[in-house]
Amino acid sequence: MSRFGEVDDQYDPHALEQRVFEYWDEVDAYEQTVEHRSDGESFFFVDGPPYTSGSAHMGTTWNKSLKDVYIRFLRMQGYDVTDRPGYDMHGLPIETKVEERLGFENKKDIEEFGEENFIQECKDYADEQLEGLQDDFKSFGVWMDWDNPYRTVSPEYMEAAWWGFSKAAERGLVEKGHRSISQCPRCETAIANNEVEYEDVEDPSIYVKFDLEEREGSVVIWTTTPWTIPANTFVAVDPDLTYQGVRAERDGEEEVLYVAEECVEGVLKEGRYDDYEIVEELTGEEMIGWEYEHPLAEEVPDHVDVDDALQIYDAEYVEADRTGLVHSAPGHGEEDFRRGRELGLPIFCPVAGDGVYTDEAGKYEDQFVKEADEEITADLEDNGAMLSSGTVHHNYGHCWRCDTGIIQIVTDQWFITITDVKEELLDNIEDSEWHPQWARDNRFRDFVQEAPDWNVSRQRYWGIPLPVWTPEDRDDDEDMIVVSEREELAERVDQDIDPEAVDLHKDTVDDLTITEGDTTYTRVPDVFDVWLDSSVASWGTLDFPSDDSQFDELWPADLILEAHDQTRGWFWSQLGMGTAALGEIPYEQVLMHGHALDEDGRKMSKSVGNVVEPDTAIERHGSDAMRMFLLSANPQGDDMRFSWDEMGTMENHLRTLWNVFRFPLPYMRLDDFDPQQTTLEEVDDDLELVDEWILARLQSTKSEMTEQFEAFRQDRALEALVDFVVEDVSRFYVQAVRERMWDEEDSASKQAAYATIYRVLRESVALLAPYAPFVSEEIYGTLTGDAEHDTVHMCDWPAVEEYWVDDQLEDDVAFLRAIEEAGANARQQAGRKLRWPVQRVVVAADDERVVEAVERHTDLLEDRLNARSIELVAPDERWGELEYSAQADMSELGPAFGDRAGQVMNALNEARIEEPNLESLEAAVADVLEDDEAVTEEMVSFVTETPEGIAGTAFGLNGDDRGVVYVDASLTDDIESEGYAREVIRRVQEMRKELDLDVEERITLELEIADDRVADLVEEHEGLIREEVRADEFRAVEDGHRKEWDVEDVSMTIAIEPVAAAEASD
RNA sequence: GGGCCAAUAGCUCAAUUAGGUCGAGCGCCACUCUGAUAAGGUGGAGGCUCUCGGUUCAAAUCCGAGUUGGCCCA
């Protein structure tokens, strides 16, 4: 980019982004930037790997934008930042997608297709998705190491998981055991609790009577899963609850039923009993040990029938709901399982992994459990055990991927027993700093406290194989071998394999055996839960252990940054794995952001159709504007509501920046301005106040931004920058500096303005670069040419320069701007446009600061307010034409007047007095004061009130009133003369614009004013008009551009003709 | 059903981090200005601060209960 070269008239984000992409390519901008910081202090950022199914949505886009902004910021601060992106590529979601693609129904289809082929398909699918995601992320300018992402399917990464798991095993934290787990019967695998999605479904609702032994009657239980009745082992009660035995009558027959006292009415109504009487009342405690008959004893001959089974026990999970007694099957439910094991009861589960009854289920063998519900219900009916049967709507868990209803069964699974190191986990949390902090101390801590052992095994194909070998004749954890690295694998297995070449997926390791002594070990066929994959990312990112060159220096991560759903996901899995394997938390800082919601605050979801694709946003407003919008949201915990409006506003701000940047270029070019020669330091003596002011504002902006960035509030930093660019640079500085730049003569003042705006723009784009990398790049390139780095992203983060800091000046100008604003307001109240001069403007100052500011800038104020004179009323003086009122201070009134404070406040605010003193005021509010009460100085501040005929507006700073501006808008001939002349000028200018005339183009002007008085007044300013509109002469124009105007009810005819055109036609 | 978070103008958010008259940007409407501007300026409308209780002279703010939304768990 050539320095101060021509740039687009309009900010066109798409063309600009395209140019910048090409430019980055051309100069290897990313590679240079990384290289530039290679000697800097290391900063280890770890990317939470997105899952490779589907494309990037607004949430992922937000997440990556945040990562990008912080990485860029850290780089600018000098850090050598690790920026390796990652992808989570294993797991059931991909398997099910591939199954869908191939039209598979179940595992049998996969086995027939061949494991090896299926794994290849999964790999292809994941690779394909990865490419799509990479393209998405690149498209909005995220700079990470795209050529070298970590992929959880690579042998190096899988080895990292093996290593971590083996470390946990060394610490004795790996265990194989019976557990009740959620099983997807279609996928035929255990799934994690957080992979269970709850949906409202209709299920059976049955009340079953279990006949008591050695006692008349039965206990009643309720369940929605008739298929678990065959595995019933005990019934649970709450020992402290009151139960009743009732003799109930239906159709002339009587029976005794036991249920909780609170449930009696409900149960009898369910069973349509005609009448009942209470025959016994007792606590749950007293019922413990009662024995009952299994209601399907004949149908399921293998049912649990040991001595201690089929009895009533106490359990914590009982509530006085439905019947107050709970059917318990330790072979199914998680709580039942735990209690059953405590009680030493057998764990009976007659259901296989595919949800089909085994031969242990007797009559129901080979039936799918959900389909057996009907037959079981009928059998219970026939056995006289059914009290009532119906259906119920409730939430029931489904497989997150294939939507099949899950079942609870007990199977053999491999666990990392993190409950054994619970204290260590809780301690390790303390070693991490979270933003926001409550996320750690509330949510995360609670979750960790209650986390159960981690079931890491899945009976699937597309995952990291468990590196566990067990003796051929047994498959428990007693004599297991856990392999940790590929080298070790190659050394120990009986087969000949190349550790460099082994892929490590299931098909490549399933057949490997290990022989030690007389024992041959075979591999456990399971693969890891996919959450284990990403849990090792902190060392997987470094390719550790196969590459140990960086681990010692970098680990643990300095920062991770993800959405709040990862509290239960990656934040947790990393803590668990880090602690189990290394005894440490693998990250030091966490920035936890929220989710991207739609414009109504609802979750974006495909089914609702409220999803906004990042592509669409980029198309509408450009990547920079989209990023700025996303980055303007609070990144700490709160969800973000998407807003097209806000994004459009960001584009407008960028347009403003573009215009500010574009404005000085032609002049700088013309004057051969060289920022390397004409530095700020060089022109220091020629700087005007407004230059010093904008430089001072720049310093406070930098200071504020740095502070906010370091506190992980990039949104507030951006707000400060936008405010600076839009309010201070564009709306004030550029306005003030325009005439200096128009000056055709070279002047010290002009050079000073160049140097100032150059510095301001140069630093502003550096500050903007992390947010809007494209537009910043183009502006930077145009400003600096070959004089600096090839890319703005190599710049250092702009530091505050003490020399230019000037808080006092910032305050002064703030006053002036407040006065100007108030003056404009007063003008409008007086009905006098800015085009018409006013006789005088009176500034009544409340303090010396205001006086100083006005005295130093009287000319500026006169000019901005188009006033013939500025009068200043000092703080200790009063302007005779004023009245006063009082403004009450509630913090003083409250304690003094108690509940009457509000009333007193109103009276004070409404009072109008001529002298601003307490006596007058007390007299005015005497009505509401009681005898012994007085108004003190602390309670009120006096406020000036506008007199008739003159418009006044208060001005202030940060909500505090600091004075009043009065505009005297009375007319004189002199003012009218100038006013009308300016009206004419304005209209001629508009007509020039309509003809598209060049600024320098000379014209001939014809002017006809209907009103003689006005015509005379205008004539007085003919010279002014001539000069302003570049008119060579006043005379009749024949072919010119002619228009009728109505000016303040006076009609005028104006015609103009370019002189050149007139000459040509002559 | 439980935990955590949020709720302030049509929208996005502030309100000086242990109460003291609730403000800004965007959008909208009107007026205005225009020789950098798809700009700028001024004004206006728009608020039972989600609801109900409590503490206090005084609550957006503190406490309790609920409602709605989000996340997580069951």
Side-chain angles (χ1 to χ4, degrees), chain A residues 9-11 193-194 196 198 319 321 334-335 395 397 436 438-439 441-447 450-451 563-569 572 592 594-595 597 599-603 629 632-634 636-653 655-656 658-667 715-716 719 722-723 726-727 730-732 734-735 738 741-742 820-829 831 833-835 864 887-902 905-906 909 953 958-959 986 989-990 992-993 997-1000 1028-1030:
Chain A
D9 281 358
Q10 306 286 339
Y11 168 61
N193 283 336
N194 55 12
V196 175
Y198 289 84
E319 284 171 23
D321 181 43
E334 207 176 323
E335 290 170 315
N395 271 322
W438 55 256
D441 293 339
N442 299 333
R443 284 181 76 147
F444 196 52
R445 175 164 284 278
D446 289 354
F447 181 76
E450 287 174 18
H564 48 36
D565 54 332
Q566 299 303 331
T567 321
R568 269 69 177 166
W572 157 242
M592 184 192 90
H595 280 181
L597 308 179
E599 296 205 83
D600 300 323
R602 313 233 162 216
K603 189 158 70 164
F629 164 70
S632 71
N634 182 346
Q636 297 196 16
D638 287 351
D639 288 336
M640 174 202 51
R641 272 168 85 155
F642 185 83
S643 163
W644 283 116
D645 258 10
E646 295 288 315
M647 200 180 289
T649 301
M650 285 301 169
E651 193 189 344
N652 283 344
H653 291 330
R655 185 165 290 120
T656 301
W658 186 259
N659 289 327
V660 166
F661 146 72
R662 200 168 65 89
F663 154 71
L665 291 182
Y667 310 105
D715 55 323
R716 289 180 167 166
E719 200 185 335
V722 166
D723 206 50
V726 174
E727 289 293 334
S730 173
R731 291 186 191 161
F732 198 84
V734 169
Q735 291 295 339
R738 273 158 67 178
M741 298 225 175
W742 290 337
E820 184 190 334
E821 196 173 303
N825 180 334
R827 239 176 185 289
Q828 183 144 337
Q829 280 181 47
K833 318 176 191 184
L834 190 59
R835 209 180 285 141
R864 305 276 282 209
Q887 182 159 35
D889 182 349
M890 274 312 275
S891 61
E892 295 290 337
L893 291 190
F897 293 101
D899 57 359
R900 287 172 40 247
M905 176 191 77
N906 286 333
N909 289 351
T953 300
N958 306 323
R986 150 92 189 89
Q989 299 290 26
E990 187 165 327
R992 287 183 59 108
K993 207 169 181 178
L997 295 187
D998 192 82
V999 172
E1000 302 294 329
E1028 290 289 321
V1029 307
R1030 304 264 202 287

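What's counted below: heavy atoms across the whole structure, side chains too, no hydrogens, waters or symmetry copies. Numbers restart at 1 for each chain; the letters A, B, ... are given by sequence-line order, proteins then strands.
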- Query: What interatomic distance, in whole Å, is found between C1' of B:C5 and the corresponding atom of B:C50?
  - Reply: 16 Å

- Message: Could you tell me how far B:A58 sits from B:G53 if I compare only their P atoms? Round to whole Å.
- Response: 15 Å

Do [X] and [N] share a donor-acceptor pair, side chain to base, under 3.5 Å?
X	N	answer
A:Q735	B:G40	no
A:R986	B:C33	no
A:R1030	B:G35	yes

Once you apply a heavy-atom cut-off of 4.0 Å, does [X] come out as touching a base, just sugar-phosphate, or nothing?
X	result
A:T649	sugar-phosphate
A:V660	base
A:W658	nothing
A:R662	sugar-phosphate
A:S632	nothing

Under 4.0 Å between a side-chain N/O of [X] and OP1 or OP2 of [N], yes or no?
X	N	value
A:N442	B:G3	no
A:K603	B:G69	no
A:R655	B:A39	no
A:R641	B:U12	yes

For the pair made of [atom1] in [X] and [atom2] in [N], what is the distance, rounded to whole Å?
X	N	atom1	atom2	value
A:F642	B:C13	CZ	C1'	17 Å
A:D645	B:G25	CG	C1'	11 Å
A:E335	B:C73	CD	C1'	13 Å
A:W572	B:C73	CH2	P	12 Å

- Query: Is A:R662 close to A:Y11 at the side-chain level, that is, under 4.5 Å between some pair of heavy atoms?
  - Reply: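 Not in contact.
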
- Check: A:H564 and A:H595 side chains under 4.5 Å, non-hydrogen atoms: yes

- Task: Taking only the side-chain heavy atoms of A:W438 (C-beta and beyond), determine which of B:U37, B:C5, B:C71 contains the nearest atom.
- Result: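 The answer is B:C5.
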
- Task: Decide, for B:A24, between syn and anti: a glycosidic angle within 90° of 0 counts as syn, anything else as anti.
- Result: anti

